[in-house]
Protein chains: 2
Amino acid sequence: MTARSGGVARSARPADPGRVLPGQREILDAAALAFTQNGYAATSMDEIAERLGATKGRLYHHYRAKVDIFHDIVCSGMQELIDGVAPIVARQDLSCADRLWRMAHHHAGLMMTRNSYQRVAVQAVEMHRMSKSVDAVLEEMFVLRDRYEQLFAEVINQGRQNDEFRDVDPRLATKPVLGALNWISLWYDPERGDFATRARVAEEYADFVVGGLRRSRP
Amino acid sequence: MTARSGGVARSARPADPGRVLPGQREILDAAALAFTQNGYAATSMDEIAERLGATKGRLYHHYRAKVDIFHDIVCSGMQELIDGVAPIVARQDLSCADRLWRMAHHHAGLMMTRNSYQRVAVQAVEMHRMSKSVDAVLEEMFVLRDRYEQLFAEVINQGRQNDEFRDVDPRLATKPVLGALNWISLWYDPERGDFATRARVAEEYADFVVGGLRRSRP
DNA sequence: GTCTATATGTGGATAGAC
DNA sequence: GTCTATCCACATATAGAC
């Protein structure tokens, strides 16, 4: 989870790559909320610190730069998605439609229960085509995103071959699926939604994306 | 198209509301491209001016503030969506599935052919829940967005009542539909896509969203 | 490990020349 | 109508005390 660039650790502490240190977790939580509410570029380090009841000094002790905080939030969020969905893909005992349904359901759930992290991750995806964007620090992030998309493409491709799904291009078909799901993070308000709402939304979305790919008359 | 706030014109020139003056169009085009590539907050007025081969002086002659440029781009983009889709909604001779298909197809097309404006509009939608965001200047924008969403809800509701569609909450059902479609603006690269690609994408998306709502076995 | 300065750069917006 | 010059606020990041 620690961004590296040319062998130089981007987090202040070296740390095992892939882990977030205790002192960092609070920072990430506060920053994720701030980035969610104001956007990455419009959020100042002072504001993040203020949410922690601290000052910038603390942030720069744990992270070298603002973009590194962003990086850790995004990778953390993406990793959660992958960890949840990968086991479902492996369930060869289930039909492709069932697997896709569960993948979508799980993804939708995370967009709501882990809203701040996931919404920041969505901001990162948008930077995809942005030229000067935020250095090349975010490349690791795009690797994760591609791997995640590949999980969906795999199931869609298999379902196409056994005639569960329409004859779509698997790679293209992941776009409306993940687009619809990611969009949840933008409109869902964690302050207002309760458990029942989340359950209903996740089911509706899972039905929707599976319906979008299934053959009309099987 | 000229943002007003408490009776004070936000564009430098008074102008008929709803129109974009000739001198402004170039600015909007350049700014839309810049906002697309770097994001609204990360784009400087200097950068917009540079794309025009001009300086800030010119921008501030036509617009009072950066946010007013943003406003005009977004409203222009939204208006294009409404203008294209509203006539389709009125086609009572078509089935709801057919109407929704055409609406989605048209929306998808605009996400690609008018990519810069539409992608900026998507940025605006994301600011929905952002607190300090960009003043209250953008309220007119949200009115347009709600009106547009309502067009989709109308057709979905009618289709639900005549059993073309599943028994969904029309308001909730617009979310995955528009989410999937809006997402196109984020991954589609206008530099690379040709006419055939756009046609294929628009059809695939239209099939997808109609399939997502249609009853499985009619 | 966290704080208080502070250095340094940049960006939005304005004033006034041409 | 566009440019140059400039003001002022603010943001990132650093240095060094505690």
Side-chain angles (χ1 to χ4, degrees), chain A residues 2-3 5 8-15 20-31 34-35 37-73 130 132-135 137-138, chain B residues 2-3 5 8-15 20-31 34-35 37-73 127 130-135 137-138:
Chain A
T2 42
S5 160
V8 178
R10 305 282 311 194
S11 297
R13 299 282 121 205
V20 175
L21 300 173
Q24 295 180 329
R25 180 53 69 186
E26 293 183 76
I27 293 176
L28 296 182
D29 287 346
F35 292 159
Q37 287 173 8
N38 307 319
Y40 169 74
T43 300
S44 69
M45 293 294 267
D46 280 316
E47 194 182 323
I48 298 170
E50 199 184 6
R51 284 171 187 263
L52 287 168
T55 65
K56 284 186 289 201
R58 178 151 153 207
L59 302 183
Y60 282 105
H61 175 72
H62 290 278
Y63 284 99
R64 292 183 66 148
K66 181 177 157 187
V67 69
D68 294 319
I69 297 177
F70 184 70
H71 170 277
D72 273 13
I73 293 170
M130 293 185 181
K132 75 181 175 189
S133 74
V134 199
D135 309 342
V137 176
L138 303 179
Chain B
T2 43
S5 159
V8 178
R10 307 280 313 194
S11 296
R13 299 282 121 204
V20 175
L21 300 173
Q24 294 180 330
R25 178 55 66 187
E26 293 183 76
I27 294 176
L28 296 182
D29 287 346
F35 293 158
Q37 288 173 7
N38 308 318
Y40 170 74
T43 300
S44 69
M45 294 292 268
D46 281 315
E47 192 182 326
I48 298 170
E50 199 184 6
R51 283 171 188 263
L52 287 168
T55 64
K56 283 189 286 202
R58 178 152 152 205
L59 301 183
Y60 283 104
H61 176 72
H62 290 279
Y63 285 99
R64 293 183 66 149
K66 181 179 158 186
V67 70
D68 294 319
I69 297 177
F70 184 71
H71 171 278
D72 272 14
I73 293 169
M127 292 180 180
M130 293 185 182
S131 34
K132 73 181 178 191
S133 72
V134 201
D135 308 342
V137 176
L138 303 178

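Letters go in sequence order (proteins before strands), and every chain restarts at 1. Source: prediction; values computed, not measured.
The distance from atom OH of A:Tyr63 to atom C1' of C:dG1 is 16 Å, rounded to the nearest whole Å. As a whole-Å value, the separation of B:Gln24 CD from D:dG1 C1' is 13 Å. Rounded to whole Å, the distance from CZ on B:Phe35 to C1' on C:dG11 is 13 Å. Taking atom CZ on B:Arg58 and atom C1' on D:dT2, their separation rounds to 8 Å, with Å as the unit. In this structure, A:Tyr40 atom OH and D:dT12 atom P are separated by 8 Å, rounded to whole Å. Taking atom CG of residue B:Leu52 and atom P of nucleotide D:dG1, one finds them 16 Å apart after rounding to whole Å. When rounded to the nearest whole Å, the span between CD1 of A:Ile69 and P of D:dA11 equals 15 Å. If you measure from atom CG of A:Asn38 to atom P of D:dA11, you get 11 Å, rounded to the nearest angstrom.
Listed nucleotides: C:dG11, D:dT12, C:dT2. Nearest to the side chain of A:Asp46: D:dT12. When distances run from any side-chain atom of B:Thr55 to the nucleotides D:dG1, D:dT4, C:dC3, the shortest one goes to D:dT4.
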Quick one: what's the B/S/- string for nucleotides 13-18 of chain D, heavy-atom cutoff under 4.0 Å, read 5' to 3'?
BB----

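Residues satisfying the side-chain hydrogen bond (donor to acceptor under 3.5 Å, both in side chains) criterion with B:Glu26, sequence neighbours excluded, are B:Arg58. Residues forming a side-chain hydrogen bond (donor to acceptor under 3.5 Å, both in side chains) with B:Asp29 (at least two apart in sequence, or on another chain): B:Tyr117.
Separating the CD1 atom in A:Ile73 from the CD atom in A:Gln24 is a distance of 11.0 Å, to the nearest 0.5 Å. Here the CD1-CE distance, from A:Ile27 to A:Met45, works out to 8.0 Å after rounding to the nearest 0.5 Å. Here the straight-line distance linking atom CG of B:Leu59 with atom CZ of B:Arg64 works out to 15.5 Å at 0.5 Å rounding.
For D:dC3, the OP1/OP2 oxygens have no side-chain nitrogen or oxygen of B:His61 closer than 4.0 Å.
The shortest heavy-atom contact between A:Arg51 and A:Ala30 is CD-O, 3.7 Å.
Taking the six-membered ring where tryptophan is involved, the planes of A:Tyr40 and A:Phe70 are tilted, since the angle between them lies from 30° to 60°.
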